[in-house]
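Okay, structure first, notes after.
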Amino acid sequence: MVEKELNRHLKVAKDWMPHEYVPWSDGRNFPGLFEDGEAWEPAQSKVSDVGRIALVVNLLTEDNLPSYHHEIASLFGRDGAWGTWVHRWTAEEGRHGIVMRDYLLASRAVDPDQLERFRMTHMSEGFESDNRHSMLHSVAYVAFQELATRISHRNTGHQSGDPVCDRMLARIALDENLHMVFYRNLLGAAFELAPDLTMSAVRDVVVNFRMPGHGMPGFERAAAQMAIGEIYNMRIHHDDVLQPVLRFLRVLEIDGLGPEGLKAQEELGLYMNGLDSEASKFDEKLAARKARMAARAAR
């Protein structure tokens, strides 16, 4: 199955050049070795405030690629189809960090000194997944996480206020979607082979889901701002990340499960209902906030 999905991925994935998405003509020297270096100022950025916050979060997440590679290479192995996938995935993800950093620096979208300090702090702490070093849990996690990353990139582009940024992140999102499909299809095969164990893994992952960048400096504050800015919040997580994968695999409709599988399925359904209710409360608060801001602007 892994070989089948690898071959499908290699057939449909298209190469692209990161440098073609960067506005190099906007670039100029920063202070340092160059006498004509110009210090960064927020007004130099074409990107919205929430777009800048999300871009930093998204890039710092991509920066931890060495840790992610170590995790999946250790878990899935470096031989055969799995090994080919691990290295191909790493190479494709590497493009994302390259193009995002080049865009941010050339367009002066963020403070370069702060970005580098954040990168050093985040990468120095490394990354270890929440998935118990379990292959089933890891496949389930990345099926959702790759889609979450795609949605975060896509919404960041929409909210960035810069068409160049939007095009760049749309291209990255295409890769993330193909990565999601690879893992989602493997998760579907796992349900056929071991439905009870897979259902338990999906329940565990969904209930305890965290994005891989949760340990970066200032993540909680940034996540709150991204939620208000409609880049990533409970409603988006429920509707655009969890539901599409669960619906495609018909996870809540699978029958013939044993006691443990049934228990996990029921708990998953209850959790999704509860998350939907919490998302509705968030929607109401967000709508009220927008109304207040509109009223102030109209005065």
Side-chain angles (χ1 to χ4, degrees), residues 13-69 89-124 149-179 211-213 216-219 221-223 225-226 229-232:
K14 298 186 185 305
D15 274 340
W16 56 280
M17 302 298 129
H19 58 268
E20 295 178 357
Y21 289 81
V22 178
W24 298 106
S25 60
D26 290 350
R28 50 201 186 275
N29 293 336
F30 289 102
L33 296 178
F34 302 99
E35 293 183 4
D36 62 344
E38 181 183 351
W40 182 83
E41 296 289 343
Q44 295 167 356
S45 175
K46 300 176 182 176
V47 175
S48 65
D49 290 343
V50 71
R52 189 158 58 243
I53 291 165
L55 279 163
V56 170
V57 170
N58 291 351
L59 176 56
L60 290 178
T61 301
E62 299 285 0
D63 276 335
N64 246 348
L65 182 60
S67 284
Y68 308 149
H69 174 87
W89 175 87
T90 302
E92 291 183 4
E93 290 288 345
R95 278 182 180 150
H96 304 166
I98 289 168
V99 71
M100 289 176 68
R101 176 166 281 99
D102 286 347
Y103 165 81
L104 292 176
L105 296 181
S107 68
R108 291 186 168 242
V110 301
D111 180 346
D113 293 344
Q114 185 183 61
L115 182 65
E116 178 60 12
R117 285 192 290 268
F118 280 170
R119 187 190 71 84
M120 286 296 295
T121 299
H122 188 43
M123 290 191 69
S124 294
T149 304
R150 173 204 163 193
I151 295 298
S152 181
H153 282 313
R154 202 69 193 91
N155 288 343
T156 299
H158 291 327
Q159 301 291 346
S160 70
D162 181 10
V164 174
C165 179
D166 194 21
R167 286 194 296 271
M168 172 192 66
L169 292 176
R171 188 60 195 77
I172 291 174
L174 288 175
D175 283 358
E176 302 290 7
N177 195 61
L178 290 180
H179 298 165
M211 290 293 274
M216 69 180 59
F219 179 78
R221 177 175 170 76
Q225 291 169 307
M226 290 167 66
E230 298 182 86
I231 288 175
Y232 202 96

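A 4.5 Å side-chain heavy-atom check between His158 and Glu230 finds every atom pair outside the cut-off. At least one side-chain heavy atom of Glu38 sits less than 4.5 Å from a side-chain heavy atom of Gln44. Side-chain contact between Leu178 and Trp89 is absent, with no heavy-atom pair separated by less than 4.5 Å. Using a 4.5 Å heavy-atom cutoff, the side chains of Val50 and Ile231 are in contact. Annotation: side chain of Pro112 is not in contact with side chain of Leu115 (no heavy-atom distance under 4.5 Å). Between Leu174 and Arg171, some side-chain heavy-atom pair lies under the 4.5 Å cut-off. Taking the side chain as every heavy atom from C-beta outward, Ile172 and Met100 approach each other to under 4.5 Å. Counting heavy atoms from C-beta on, the side chains of Asn155 and Tyr232 never come closer than 4.5 Å.
Applying the side-chain hydrogen bond (donor to acceptor under 3.5 Å, both in side chains) rule to Ser152 yields the partners Asn58; only residues at least two apart in sequence or on another chain are considered.
Rounding to the nearest 0.5 Å places CE of Met120 at 11.0 Å from CG of Asp63. Atom-to-atom distance recorded for Asn64:CG and Thr61:OG1 is 8.0 Å, nearest 0.5 angstrom. For the atom pair OG1 (Thr149) and CG (Asn177), the distance works out to 11.5 Å, reported to the nearest 0.5 Å. A distance of 8.0 Å separates OG in Ser107 from CG in Leu55, rounded to the nearest 0.5 Å.
With hydrogens and angles ignored, the 3.5 Å screen pairs a side-chain donor or acceptor of Ser48 with a backbone N or O of Gln159. In this structure, the side chain of Tyr21 does not engage the main chain of Trp16 through any donor-acceptor pair within 3.5 Å. Distance alone, capped at 3.5 Å, places no donor-acceptor pair between the Trp24 side chain and the Ala106 backbone. With Trp40 contributing its side chain and Arg108 its backbone, the two residues share a donor-acceptor pair below 3.5 Å.
In summary, the side chains of Tyr103 and Asp26 do not present any donor paired with an acceptor at a separation below 3.5 Å, with no hydrogens or angles considered. A side-chain donor-acceptor contact under 3.5 Å links Glu93 and His179.
The shortest non-hydrogen separation linking Val99 to Met168 is O-SD, 3.6 Å. In plain terms, the two heavy atoms of Val56 and Phe118 that are nearest each other are CG1-CD1, 4.1 Å. Scanning all heavy atoms of the two residues, the minimum distance from Thr156 to Ala54 falls at OG1-CB, 3.4 Å. Nearest heavy atoms, Gly161 versus Pro163: O-CD, 4.0 Å. When all heavy atoms are compared, the tightest approach of Pro42 to Arg52 is O-NH1, 4.3 Å. For the pair Thr90 and Leu65, the tightest heavy-atom approach, listed with the atom from each and the gap, is O-CD2, 3.5 Å.
The residues Arg95 and Asp15 are annotated as salt-bridged, a charged nitrogen and a carboxylate oxygen being separated by less than 4.0 angstrom. A salt bridge does not link Arg150 to Asp175: none of the charged side-chain nitrogens sits closer than 4.0 Å to a carboxylate oxygen. Ion pairing between Arg28 and Asp36 fails under the 4.0 Å rule for side-chain N and carboxylate O.
Note on ring orientation: taking the six-membered ring where Trp is involved, the planes of His96 and His153 are perpendicular (angle over 60°, cut-offs 30° and 60°).
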Inset, instruction - Would you please test Leu59 and Arg101 for side-chain contact (heavy atoms from CB on, under 4.5 Å) and show each step? - result: CA-CA 7 Å; Leu59 176 56; Arg101 176 166 281 99; 3.8 Å; yes

Inset, instruction - Please test Val57 against Met226 for side-chain contact (heavy atoms from CB on, under 4.5 Å), starting from the C-alpha separation and ending with a verdict. - result: CA-CA 10 Å; Val57 170; Met226 290 167 66; 4.0 Å; yes

